[in-house]
Novice: 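Handing you this structure, nothing more for now.
What you are looking at is a predicted structure, and each value in this text was computed from that prediction instead of being measured.
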Amino acid sequence: MSDSNAARSSKPAGRIRKQNQTLIIRAAEVEFAEKGFSGASIQAIASRAGLPKANIHYYFKHKEGLYLAVLNHIIEKWDETLDQLTPADDPTVVLPAYIRRKLSFSREDGLASRIFAAEIIGGAQYLKNYFSDEYAAWFSGRVAVFRAWIEQGKMDSVLSPEHLLFMIWSTTQHYADFAVQIAAALDKAEPDEADFKAAEQTLVHVILKGCGITPS
């Protein structure tokens, strides 16, 4: 078989593999969110995914491997939203977009946020490698961008850009992690589109105003 024929024949298999892995991870998110790592089972995840249990083990050798894949899926989505920040960026554009993106994650993928929160509250046993020196360096790089914006006069000097980031994370993820409380306070089954729009406008207004930034 020629290289071109081999490449063509491998594409359907690659697509099926990716589709199955996505299906399994989505089912695992529901199971881990509802029952935690200890209460979840591979059989239950297979049933949710509509796949044989053997298929789960084919892609993920054990429950811990699947759990780590779920966590990595969450982290990659969150981290990539900050990976591209540069001192040349305009915070009047970038910060509102980041807040909106984080809120959209909370609305569209709240289960993922709750799994991450539970892992952190439980001591981050399975995220010890993630929270290594490399993570500290990555975070310092993000903070350096905020400091550059301050030096350039693009935003007011805040006492601690680190805590500004923590505040953005906590306020946006609150709408996923504490969705039940928010729904009860609003006397609704769950927060709706209008609630998230109001949250977006409020957070953007308060955070940018606190940074001395006038929205473009």
Novice: So Asp79 and Tyr135, side-chain hydrogen bond (donor to acceptor under 3.5 Å, both in side chains) or not? Walk me through it.
Specialist: CA-CA 10 Å; Asp79 286 358; Tyr135 179 80; 5.9 Å; no
Novice: In a table with atom names and distances, give each donor-acceptor pair under 3.5 Å that connects a side chain of residues 61-69 to protein atoms at least two apart or in another chain.
Specialist:
unit_1, atom_1, unit_2, atom_2, d
His62, ND1, Gly65, N, 2.9
Lys63, NZ, Phe37, O, 2.8
Lys63, NZ, Ala40, O, 2.9
Tyr67, OH, Glu119, OE1, 2.7

Novice: Applying salt bridge (charged side-chain N to carboxylate O under 4.0 Å, His left out) to Arg101 and Glu80, what does each step give before you reach the verdict?
Specialist: CA-CA 11 Å; Arg101 185 88 183 272; Glu80 72 179 2; 3.4 Å; yes
Novice: Yes or no on side chain to side chain contact (heavy atoms under 4.5 Å, CB included) for Leu95 and Val204, after CA distance, side-chain angles and deciding distance?
Specialist: CA-CA 8 Å; Leu95 285 182; Val204 168; over 6 Å; no
Novice: Is there a continuous path of hydrophobic side-chain contacts, each under 4.5 Å between heavy atoms, that joins Leu82 to Leu208?
Specialist: yes
Novice: Thr214 vs Thr92, test: side chain to side chain contact (heavy atoms under 4.5 Å, CB included). Steps then yes/no.
Specialist: CA-CA 7 Å; Thr214 302; Thr92 67; 6.0 Å; no
Novice: Checking Asp89 against Lys154 for the salt bridge (charged side-chain N to carboxylate O under 4.0 Å, His left out) test, could you report, in this order, the C-alpha distance in whole Å, the side-chain angles of both residues, the deciding distance, and whether it holds?
Specialist: CA-CA 10 Å; Asp89 288 332; Lys154 293 179 179 179; over 6 Å; no
Novice: Does Gln84, at its CD atom, have more than 12 non-hydrogen atoms belonging to other residues, nucleotides or ligands within less than 6.0 Å?
Specialist: no
Novice: Are the side chains of Phe105 and Ile74 in contact, using a 4.5 Å heavy-atom criterion?
Specialist: no
Novice: Does any pair with a residue in residues 141-150 pass side-chain hydrogen bond (donor to acceptor under 3.5 Å, both in side chains), and if so which ones, sequence neighbours excluded?
Specialist: Arg147-Glu162
Novice: Using a cut-off of 6.0 Å, state whether more than 12 heavy atoms not belonging to Asp83 lie near its atom CG.
Specialist: yes
Novice: Testing the basics here: between Lys35 and Ala44, what is the closest heavy-atom pair and its distance to 0.1 Å?
Specialist: NZ-CB, 4.5 Å
Novice: Atom OG of Ser47 and atom CD1 of Ile42: how far apart are they, to the nearest 0.5 Å?
Specialist: 11.0 Å
Novice: Should the pair Asp195-Lys188 be classified as a salt bridge under the 4.0 Å nitrogen-to-oxygen rule?
Specialist: yes
Novice: May I ask you to test the Val158-Pro161 pair for a side-chain heavy-atom distance under 4.5 Å?
Specialist: yes
Novice: Which pair of heavy atoms, one from Asp177 and one from Ser113, lies closest together, and at what distance?
Specialist: OD1-OG, 2.7 Å
Novice: Please check if Val30 and Ile45 belong to a single hydrophobic cluster, counting links between Ile, Leu, Val, Met, Phe, Trp and Tyr side chain heavy atoms closer than 4.5 Å.
Specialist: no
Novice: Working to the nearest 0.5 angstrom, can you tell me the gap between Lys77 NZ and Asp109 CG?
Specialist: 3.5 Å
Novice: Can you list the steps and then say if Leu85 with Tyr98 is a side chain to side chain contact (heavy atoms under 4.5 Å, CB included)?
Specialist: CA-CA 10 Å; Leu85 281 186; Tyr98 180 57; over 6 Å; no
Novice: Begin from the C-alpha positions of Met155 and Leu164 and carry the test side chain to side chain contact (heavy atoms under 4.5 Å, CB included) through to its verdict.
Specialist: CA-CA 12 Å; Met155 61 181 280; Leu164 173 60; 3.9 Å; yes
Novice: Can you name the closest pair of heavy atoms from Val145 and Pro87 and give their distance?
Specialist: CG1-N, 4.0 Å
Novice: Over all heavy atoms of both residues, which pair between Ala199 and Leu103 is shortest? Give the atoms and the distance, please.
Specialist: C-CD1, 4.0 Å
Novice: Is there a side-chain contact between Arg114 and Leu111 in this structure, where contact means two heavy atoms from C-beta onward sitting under 4.5 Å apart?
Specialist: yes
Novice: Could you tell me which residues satisfy ring pair (Phe, Tyr, Trp, His ring centres under 6.0 Å) with Phe139, sequence neighbours excluded, listed by chain and number?
Specialist: Phe166, Trp169
Novice: Nearest 0.5 Å, what's the CG-CG distance between Asn72 and Leu127?
Specialist: 8.0 Å
Novice: Taking only Lys NZ, Arg NE, NH1 and NH2, and the carboxylate oxygens of Asp or Glu, determine whether Glu190 and Arg107 approach each other closer than 4.0 Å.
Specialist: no
Novice: Can you measure from CD1 (Ile24) to CZ (Arg48) and round to the nearest 0.5 angstrom?
Specialist: 14.5 Å
Novice: Between Ser106 and Tyr175, is there a donor-acceptor pair closer than 3.5 Å when you use the side chain of the first and the backbone of the second?
Specialist: no
Novice: Under a 4.5 Å cut-off applied to non-hydrogen side-chain atoms, are Asp156 and Cys211 in contact?
Specialist: no
Novice: Which pair of non-hydrogen atoms, one from Ala183 and one from Ala189, has the smallest distance, and what is that distance?
Specialist: CB-O, 3.7 Å
Novice: Would you give the length of the straight line joining atom CD of Glu34 to atom CD1 of Ile115, rounded to the nearest 0.5 angstrom?
Specialist: 10.0 Å
Novice: Any idea which heavy atoms bring Gly110 and Ala176 closest together, and the distance?
Specialist: CA-CB, 3.7 Å
Novice: Same cluster or not: Trp138 versus Leu165, using hydrophobic residues (I, L, V, M, F, W, Y) connected whenever any side-chain heavy atoms lie under 4.5 Å apart?
Specialist: yes
Novice: Would Leu186 and Phe178 show up in the same hydrophobic cluster when neighbours are defined by side-chain heavy atoms closer than 4.5 Å?
Specialist: no
Novice: Looking at NZ of Lys102 and CZ of Arg100, how far apart are the two atoms once the value is rounded to the nearest 0.5 Å?
Specialist: 15.0 Å
